[in-house]
Structure formats: C-alpha cells, structure tokens
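Worksheet: one structure, shown below.
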Amino acid sequence: MPVDRSSDHPDYEEQVLAVVALIPPGRVMSYGDVAEYLGSGGPRQVGRVMSRGGDVPWWRVIRADGRPPPGHEAECLAQLRAEATPLRPDGTRVDMRRARWDGS
DNA sequence: TGCTTGACTTACG
DNA sequence: CCGTAAGCCAAGC
C-alpha cells in the first residue's frame, strides 16, 4: 500500500541543508526564501533545522530583515564580512537588496 | 489531546 | 529604530 507521507518529512533536513550548501559566497537567503525555494514547510521549519546544526555555511541564511540570528550575530557577521557579502553602512545588517540569492 | 516554544515574517503605531 | 500583535508550521512536554 502507498506510504502516507502527508505528514512525514524525514528528509526535510537534508533538503534544507542542500539548499544552504548551494548558496554562493557573498550571497545570502532568508529562512522564508529557503522555505519558498523548497516549496514546503515554512521559515520556522527551516530555522528549526538550522538550529540543529549541520556541515553547511549556516551564516548565509539570515532573517528577512537582513539581521543575523540571535546569539550568533558576531560570528555570522564575521563570516559574511570575510566573504565580501554586501553589508549595510552600519555593518550590523546585510543589504538584502544586493545580497539576496534567488537560486540563479 | 492540548498547550508551549522557537536561529520566522509582515504589518501597525 | 523599537515594541506589539497576528499568522504561520512542526517538535516537545
């Protein structure tokens, strides 16, 4: 009989991590962007996977307002800066208009 | 079974 | 710029 996966997504973590790994240096995606790219779940689910951690450039996934996740601001900004990611003049947020990656 | 929590987002004041 | 409110989805207790 067909497997009921209507509420079963054990591979979701793999999907999210795969997309994050595809983000090129100097670019970023918001949690909502990753969710939309996958076409499943939502920003919170992506955030949940990211919080679990993974061998991916997690710093390239930030909030929609261009601000890094709480508790990782310094590390995230350090990495973004090292990769020449377009930052706001204040240096505390990312210039989403330029840094946002659409998957091209 | 039901409420709380969380690396979210958008809108309003 | 900051705080609050509502919407959102899955996991944990």
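None of the values given here were measured: they were computed from a predicted structure. Chain A is the first sequence line, chain B the second, and so forth, proteins listed ahead of strands; every chain is numbered from 1.
- Taking the six-membered ring wherever Trp is involved, the centroid distance between the rings of H72(A) and W59(A) does not fall below 6.0 Å.
- Atom C1' of nucleotide dT9(B) and atom CD of Q45(A) are separated by 13 Å, given to the nearest angstrom.
- No hydrogens or angles were tested; on distance alone, a donor-acceptor pair under 3.5 Å links the side chain of R44(A) to the base of dC8(B).
- Across the protein-nucleic acid pair, D65(A) atom CG and dA7(B) atom P stand 15 Å apart, rounded to whole Å.
- Salt bridge annotation for E83(A)-R60(A): present, with a cationic side-chain nitrogen under 4.0 angstrom from a carboxylate oxygen.
- Partner assigned to dC8(C) is none, using Watson-Crick or G-U wobble distances below 3.5 angstrom.
- A donor-acceptor pair under 3.5 Å is absent between the side-chain atoms of Y37(A) and the main chain of G32(A), judged by distance alone.
- Tested against V28(A) for a side-chain contact (heavy atoms from CB on, under 4.5 Å), the candidates D33(A), D95(A), T85(A) yield a single pass: T85(A).
- M96(A) has its CE atom 12 Å from the C1' atom of dT9(B), to the nearest Å.
- Atom CZ in R63(A) sits about 11 Å away from atom C1' in dT10(B), given to the nearest Å.
- Rounded to a whole angstrom, the distance from the C1' atom of dT1(B) to that of dG12(C) is 14 Å.
- For the P atoms, the distance linking dA7(B) with dA6(C) amounts to 22 Å, nearest Å.
- Contact annotation for G32(A): backbone-only contact, meaning every heavy-atom pair under 4.0 Å involves sugar-phosphate atoms and none involves a base.
- The CG atom of D65(A) sits 10.0 Å away from atom CZ of R88(A), with the distance rounded to the nearest 0.5 Å.
- For R93(A), whose side chain is taken as the heavy atoms from C-beta onward, the closest listed nucleotide among dT9(B), dC1(C), dA7(B) is dC1(C).
- E73(A) places its CD atom 11 Å from the C1' atom of dA7(B), with the value rounded to the nearest Å.
- Atom P of nucleotide dA10(C) and atom OH of Y31(A) are separated by 18 Å, given to the nearest angstrom.
- One can place CG of L38(A) at 13 Å from P of dA10(C), the figure rounded to the nearest angstrom.
- Atom-to-atom, CZ of R48(A) to C1' of dC9(C) comes out at 10 Å; the value is rounded to the nearest Å.
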